[in-house]
Number of protein chains: 2
Amino acid sequence: MPDAPTDRPERADAARNRRAILRATEELLARHRPEQISMEQVAAAAGVGKGTVFHRFGSRMGLMEALMAERALALTEAVTTGPPPLGPGAPPRERLLAFLDAIVDVVARNKGLMAALGHAASTAPKPDVDPTEDPRTAHPVYGFWHGHIADLLAAHRPGLDAETQAHLLLAGLQSRSVLRLLEQGEGERVAAAVHTLAEALLTAP
Amino acid sequence: MPDAPTDRPERADAARNRRAILRATEELLARHRPEQISMEQVAAAAGVGKGTVFHRFGSRMGLMEALMAERALALTEAVTTGPPPLGPGAPPRERLLAFLDAIVDVVARNKGLMAALGHAASTAPKPDVDPTEDPRTAHPVYGFWHGHIADLLAAHRPGLDAETQAHLLLAGLQSRSVLRLLEQGEGERVAAAVHTLAEALLTAP
DNA sequence: ATCAAACTGGACCGCCGGTCAAGTTGACTC
DNA sequence: GAGTCAACTTGACCGGCGGTCCAGTTTGAT
């Protein structure tokens, strides 16, 4: 629905600024360590005021999430509507292995962003609202990945605690150590290890 | 070497304050979310000046590491000099499973601290010094755990990329999602899942 | 009693995430 | 083209934090 005249899509300058901010964030992320990128820097690099950044993305966390969602979009589409083995149609085992490979790939190409995301849960502006917050609300991309893995695991081996196993498999990609391996160009090694681990889980009793 | 008269062990008041600071940190960690505990609060709760905290521990990260090392000491000793299956003597497979159980236990009893540790790599005071920093230097407790797991894995299944697999197995314990499971009292579930995963890895091709 | 080194504490610095009120601009109507 | 108004932009501002610094205090050996 590109042209819906009634429901206020987005003003032209707003869209331009949103893109500029995301681009600037990408660029900073590529050049500097994520924890030393400030929102002021992002704003300056994008050529907008700091207030604009917060107006558009709400918080540091929101900005990182938006960027991550953009980066993960292709994978999301490949999984939901693309051809096998990633998309629907292939047997769960092959879909899972292909999906894990794809995730390692996305993460490897966005290590800085992953690190920044893991680092963005600071200085909570929320007054309270925190009875161990909802797993699905936090970080939509993670929610989608986790749900997909859990579904495939459950389909292939019903006896498993698929939810927890999915968390364990995904955990590697948030871990500092593994992110560091990826930074050192050991992406293939990590992919192979994840592969081995998943296959073991799918095969063994 | 508890009494070495020549090498300046530690002054009495310094030792007293160090303990007070660690105690205060524990207490704050137990009552508040880790990301909203400031060093000033720690100092105030310990009844010392902020300067003292930084003098003793160098930085937020150093404080958290020291506390973690203290909490992990019992496990370290059990592994190096205790009775099987944790200590030396049992076959690698049993040692590994016992060790993983023990780690989940330690982590479950120190979730706040784990979260704080993961969160402490901010505002790096280092001027530069950062060609993808040394894996072993960062967080001694992690280094020990990782090394032990890798050794046991390698002993039981020489074909494996034990280093990477050890990182993947440990990653779960730094992940927000799994930490949240532990907070919700699902410790047994996590332990069982880790167990299953490790057994699969040890058993399968 | 003396003294140097170790230790202490809190004022101070620079910076950061986030807010807000006032001004600006784009889109739509007539 | 003029008018209208809500969406949007902005940067000064706020509270607070991590970390530094050094004048003053304490310790323990001599």
Side-chain angles (χ1 to χ4, degrees), chain A residues 2-21 24-25 28 32-66 116-117 119-127 129, chain B residues 3-22 24-25 28 32-66 116-117 119-127 129:
Chain A
D3 45 9
T6 51
D7 64 359
R8 300 258 157 227
E10 183 175 51
R11 245 168 63 172
D13 55 344
R16 187 170 4 100
N17 281 338
R18 203 192 63 245
R19 277 197 306 267
I21 292 168
T25 308
L28 287 175
H32 308 283
R33 311 277 309 144
E35 63 263 18
Q36 52 191 344
I37 296 176
S38 72
M39 299 299 272
E40 296 201 0
Q41 276 177 65
V42 170
V48 304
K50 186 162 63 147
T52 305
V53 179
F54 282 95
H55 181 69
R56 289 259 75 78
F57 298 101
S59 72
R60 181 193 192 75
M61 188 68 177
L63 171 59
M64 297 305 175
E65 261 175 34
L117 259 178
H119 193 266
S122 33
T123 52
K126 308 271 184 161
V129 205
Chain B
D3 45 8
T6 51
D7 64 357
R8 300 261 157 223
E10 183 174 51
R11 247 168 60 172
D13 54 343
R16 188 172 359 104
N17 281 338
R18 204 193 63 245
R19 278 198 303 269
I21 292 168
L22 287 176
T25 309
L28 286 175
H32 308 284
R33 309 263 331 131
E35 63 262 18
Q36 51 192 346
I37 295 176
S38 74
M39 300 298 271
E40 296 202 359
Q41 276 177 64
V42 170
V48 305
K50 187 162 62 147
T52 304
V53 179
F54 281 94
H55 181 69
R56 289 259 77 77
F57 297 100
S59 71
R60 179 194 192 74
M61 187 71 177
L63 171 58
M64 296 305 175
E65 260 175 34
L117 258 177
H119 193 264
S122 31
T123 52
K126 308 272 184 157
V129 205

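Each chain gets a letter, A, B and so on, in the order the sequences are listed, and its residues count up from 1. A quick note: this is a predicted structure, and the numbers were derived from the prediction, not measured. Every heavy atom of this structure was used, including side-chain atoms; hydrogens, water molecules and symmetry mates were not.
- Distances from the side chain of B:Thr52 to the nucleotides C:dG9, C:dC7, C:dG18 place C:dG9 closest.
- Nearest heavy atoms, B:Arg60 versus B:Pro34: NH2-O, 3.4 Å.
- Of all nucleotides listed (C:dG26, D:dT20, C:dT8), C:dG26 comes nearest to the side chain of A:Asp13.
- Close to C:dT8, at under 4.0 Å from its OP1 or OP2, lies a side-chain N or O of B:Asn17.
- Comparing A:Gly47 and B:Gly58 along DNA chain D, the residue whose closest nucleotide (by nearest heavy atom) sits nearer the 5' end is A:Gly47.
- Computed from coordinates, the B:Glu40 CD to C:dG9 P distance equals 14 Å when rounded to whole Å.
- Of all heavy-atom pairs between A:Ile21 and A:Arg56, the closest is CD1-CG, 4.5 Å.
- Among the protein residues, B:Ala43 comes within range of no part of the nucleic acid, since none of its heavy atoms lies under 4.0 Å from any strand.
- Here the CZ atom belonging to A:Arg18 is positioned 4.5 Å from the CD atom belonging to A:Glu10, to the nearest 0.5 angstrom.
- Nearest nucleotide to the side chain of B:Arg60, out of D:dG19, C:dC16, C:dG26: D:dG19.
- One can place CE of B:Met39 at 16 Å from P of C:dG10, the figure rounded to the nearest angstrom.
- When rounded to the nearest whole Å, the span between CZ of B:Phe54 and C1' of C:dC12 equals 14 Å.
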Yes or no on side-chain contact (heavy atoms from CB on, under 4.5 Å) for B:Leu63 and B:Leu22, after CA distance, side-chain angles and deciding distance?
-> CA-CA 8 Å; B:Leu63 171 58; B:Leu22 287 176; 4.0 Å; yes

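- For B:Arg11 and C:dA6, a side-chain-to-base donor-acceptor distance below 3.5 Å is present, hydrogens and geometry of angles not being considered.
- Taking both residues in full, the closest heavy atoms of A:Ala46 and A:Ala20 are given as CB-O, 3.7 Å, listed atom of the first, atom of the second, then distance.
- For A:Lys50, the side-chain atoms get nearest to C:dG18 when compared with the rest of C:dG18, D:dG18, D:dT9.
- Computed from coordinates, the A:Arg16 CZ to D:dA7 C1' distance equals 14 Å when rounded to whole Å.
- Per the geometry, CD1 belonging to A:Ile37 stands 17 Å off P belonging to C:dC15, to the nearest Å.
- Nucleotides of DNA chain C nearest to A:Gly51 and B:His55 differ in position, and the one nearer the 5' end is that of B:His55.
- Atom CD in B:Glu10 sits roughly 7 Å away from atom P in C:dC7 (whole-Å rounding).
- If you take CZ of B:Arg56 and C1' of C:dC7, they are 7 Å apart, rounded to a whole angstrom.
- One atom, CG of A:Leu63, and another, C1' of C:dG18, lie 14 Å apart when rounded to the nearest Å.
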